[in-house]
Amino acid sequence: MSSFTGSATNFGSQLMEISKKWLIEWEKHGVNEANIDESKPKFFVTAAFPYTNGPLHLGHALTYSIPDVVIRYKRMKGYNVLFPMGFHFTGTPIISISESIARRDEKTIKRLLDDGVPIEVIESFVNPINLALYFKDRAINSLRNMLFMIDWRRSFTSVDKEFQKFVEWQFLKLRDAGYIVQGTHPVGWCPFHQSPVSMHDTLNDVEPEIQVFTLIFFRDEENIIYPVATLRPETVYGVTNLWVNPEATYVLVEVDGQRMLLSQEASYKLSFQKKEVKPLMSIKGSSLVGRKVVNPLTMEKIEVLPAGFVDPDTGTGIVMSVPAHAPFDYAALKEIGYENTLKPISIIDIDGKPSLLGVEVVNNQGIKTASKEEDRKKLEELTKDVYLREFNSGSMSRELSSRVSGEHIYLGIAKSIEGKPVKDAREYLKEAIIKMKLGDVFYEIANKPVYCRCGTKVVVKIVENQWFINYEDENWKKKVYDALRGIDIVPNDYREQFVNTVGWLKKKACARSRGLGTPLPWDKSWIIESLSDSTIYMAFYTVIHKIRMHGINPEKLTPEFWDYVMLGIGDVNRLSASLGIDKGILEEIRKEFDYWYPLDNRHSGKDLIPNHLTFMVFNHVAIFPPEKWPKRIVVNGHIMVEGMKMSKSLGNFITIDKALKEVSSDVLRLSLILGAEIGNDVNYTKQLTTTVTETLEGIYELVVSVNSSRHITEENMSESTVFLEKTLETKLHRLLQEINELMENYKFRSAAIKIYHEINNELKLHFKINGLYRSDLINRIIDSWIKLMSPFTPAFAEELWHLTGHKSFVVNESWPDPSMFVKSDEHALFLKYIDTIVDDIGNLRNLFSDKKEVIIVASSSKPCYPAKARSYLADNNQLRELTRLLAREGVPSPHDYARRIVAFLKNLTMDELNKIEKLCEYEVEILRKMSSYLEGLLNLKIKILSEEAPEAQEYIVKKKQSPLPMRPVIIFK
RNA sequence: GCGGGGGUGCCCGAGCUGGACAAAGGGGGCGGACUUAAGAUCCGCUGGCGUAGGCCUGCGUGGGUUCAAAUCCCACCCCCCGCACCA
């Protein structure tokens, strides 16, 4: 084989040149533009559009490589394909970066410099649109360089006026359908900025987490509320007293018309959660000690006691004391010498027996106080243990209701949770307390303190009048479940996750007070949030280029316009008149939508299943009729780099631009596809790209050398070459069939292995046996092979295609059909038979690694037992019958032989089974014809003998073994 | 905690509708051929045993179902991801 000179790196740069060359050629000929063609079935594919706050990275490369393979494949299969790409500007991160630039934040500037943004451009980023546009342009370049076949005429951004009109229509539709609701909603909030904060607004990028406490209202004789904040409302039945911090300052406030006592800190926090918190007076904690309050669930009268462990900045600063189940409480009782006065009350059973875990652990550890440093540390841990044990394996006491004074109206509540698991009791009680107005909810920042970038401590604010998309609407959910059944999910393993997501999905706040995006049409003070404005935008791709082409003013894109274009609602003549748009144009746009929609494939990363992808289904269901619902969702995994999660902080973050400086787009694409089957995480490694480059180099050299080899016709071929060509052709038929099936099932990794390795190996083996030459078959194989490579490594394939003398574009060729290679059932059968011989020799050669010659003595005159075995195939139990029959015929080790034959027959197609007699009849001849193949494959010298040959008789006698049909004797010499 | 996914040979990774699985494919390692040499390329080996196509061990751990389990069931351990107003 000749002789492409150059090292792998040289070939690597040659590949880069090839990519550039064909990108230009294709764009010149507009191969990536998609227009209506009624003569072809259409195939419409989209992938999640990128958020342009930075350069595209390998994750994008992966997510877009897969649909690109799909459309290139589908295109060759005769589909009219569309793969468009837009850009997501909606949201706050872009604005946050702009604000950082405005205040000259060094970290942000450094990051942008690292991303290759020139300093003067960075300065322009104080305007967020400049930033978004800059990265959009870079993204387009990256995507072009990846050779993605994107129809750029249909590109848009989510702040384009036309798109905003479309989103307005969508939201009006949702509102009309009753899916938009308003309500209150807790958010992390900066009191200084007077605005919600999320991760990118906080110091150190901490996401403020919100924790829900249950408030329980204890009352004194003046009806003043002492609210305790707890995560364990069920323990209210075991309360012996309340705790306050004697050193802390408490305030008496008026809330919702009631008087309430709580720590100063709590009162501040509460003021963000209630309409009004009116302070009346301050009181030192110590002066609360000794007051008597009533437990609202048991009507028991208890006392307020002092405890230093009470943190006035957690909850309300008032704590209910449950010594039986809370180590802190028991320790605090001990500290003030009350452990015998106030007897711990067990209200939780563990393993069906009343427990006093709180008391036990404190006594076991010899803890005497709740205030000493070392005790507190221990207590914190013990609290966690007790909490978990009681939560996971505790159940409410069976005598719980005896804690409630007899005729009390809430006796029923206690009764209904008696004996129930703590988990369930807690949920039940929480709801009951709030419903009965015996308490309330109180929100805390769970991971506090969290600070806004301005340094202000973040609190929880209840936002009034927040707009939600009501994804918890049961009827809506039902329709989504139905829709999901009709959607093909690739890989199907993710279906369950979709179904579950629909199950737990709640109301989704769909608007924010700041950020880029579309104002809510009926309340322009709100901006539609980014996960809500991007649920049906795929439909927009179908028409945007036409809207622009006809110069339609965005103001004309009214709800009536969209009703007609997307839903076919309304009278086109009247619409034309009222909008002043040509009727023909309206119809043309409508037709464009109707031709391309529904979406055939939606591609995205698996992280978007619980939000975007599911929202997409919800919104399609809400707005479009069933025939326009998406047909397939393809989910890809994450990208890893050298075995580690790719991230900026790990320093292994690779942008597409950077990757393409090291490897060509063909290599990158194929590496990502070969990295993992769809749905799994792809591990991108230097090693992998090197291997892929070398593989492509090998293929290149092979094609080049075949191309320059001599052409021979069948008349000039040796008999054995004719035979082996038939075998090769049969193999190719099989391979193409397998590849087709894999492609149809989105098993691109496996398909690529067959294309780039297995065909490769078959050809190399064939040439090794026969020498390098061209023939009609070989030419056909090479042509088909190049076509098969085209979806994965398009520029590389294009190069080979032209190298082998073609003038057309391979991207425009048809996908090879297996039928172009004649499958001979006989040869397929022979091949499978030869495989068993190869296996056997392989098994034995370990024992005879020093021997280089193999003699195969084949049966030539015995009855064709395999044919007889055919009738025993159906039923495994008849193996015994077959064994008996063989034994009667005097076959040695009949059971082994029977097993072997049956295993072989099971692997055959019906057609092959019908040829089995031929195998018996010509076994010696087949082996002879295939001996050069065996020699090539095994690197051994092979000699075939018929059992009648005198030489064969010697071996038979010596080995005490006689050949049977399909069971030749193999001798290493 | 809840929900989803996963633990396979030196490594990565397929298989997981139960038999053809000592387990595809790739990589690495070792040995060999070629070469003045290196590289590239090609070939062989890469759980253990065995002078004949076989046996033993084995797919997170422990049980179970079955004539037969990497594949099915149960329990446990460990890892990853998501839990919302955030793209």
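The sequence lines fix the lettering, A, B, ..., with proteins before strands; numbering per chain opens at 1.
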- Please determine if a side-chain N or O atom of A:N500 lies less than 4.0 Å away from the OP1 or OP2 oxygen of B:C83. no
- Query: According to a strict under-4.0 Å criterion, is A:T691 in side-chain N/O contact with OP1 or OP2 of B:G26?
  - Reply: no
- Can you say whether the rings of A:Y537 and A:H612 are parallel (under 30°), tilted (30 to 60°) or perpendicular (over 60°)? tilted
- Could you give me the stems involving RNA chain B, meaning stretches of three or more consecutive Watson-Crick or G-U wobble pairs whose two defining distances are both below 3.5 Å? B:1-7 with B:77-83, B:10-12 with B:25-27, B:28-33 with B:41-46, B:47-49 with B:54-56, B:60-64 with B:72-76
- In Å and rounded to the nearest 0.5 Å, what is the CD1 to CZ distance from A:I755 to A:F748? 10.0 Å
- Query: Base, sugar-phosphate, or nothing for A:I971, non-hydrogen atoms under 4.0 angstrom?
  - Reply: base
- Can you find a donor-acceptor N/O pair under 3.5 angstrom joining the side chain of A:N53 to the base of B:A87? no
- Query: Counting just side-chain N and O atoms, does A:N611 come under 4.0 Å of either OP1 or OP2 of B:A84?
  - Reply: no
- Message: OP1 or OP2 of B:C42 versus the side-chain N and O atoms of A:K764: is any pair under 4.0 Å?
- Response: yes
- Message: When the C1' atoms of B:A69 and B:G58 are compared, how many Å lie between them, rounded to an integer?
- Response: 13 Å
- Message: Please classify the nucleic acid contact of A:K507 as base, sugar-phosphate, or nothing, using heavy-atom distances under 4.0 Å.
- Response: base
- Look at the side chain of A:Q497 and decide which nucleotide, out of B:A24, B:G4, B:G26, has an atom nearest to it. B:G4
- Task: Please check the phosphate of B:A87 (OP1 and OP2 only) for any side-chain N or O of A:T92 closer than 4.0 Å.
- Result: yes
- Task: Flag the pair A:F468 / A:H185 as yes when their ring centroid distance falls below 6.0 Å, and as no otherwise.
- Result: yes
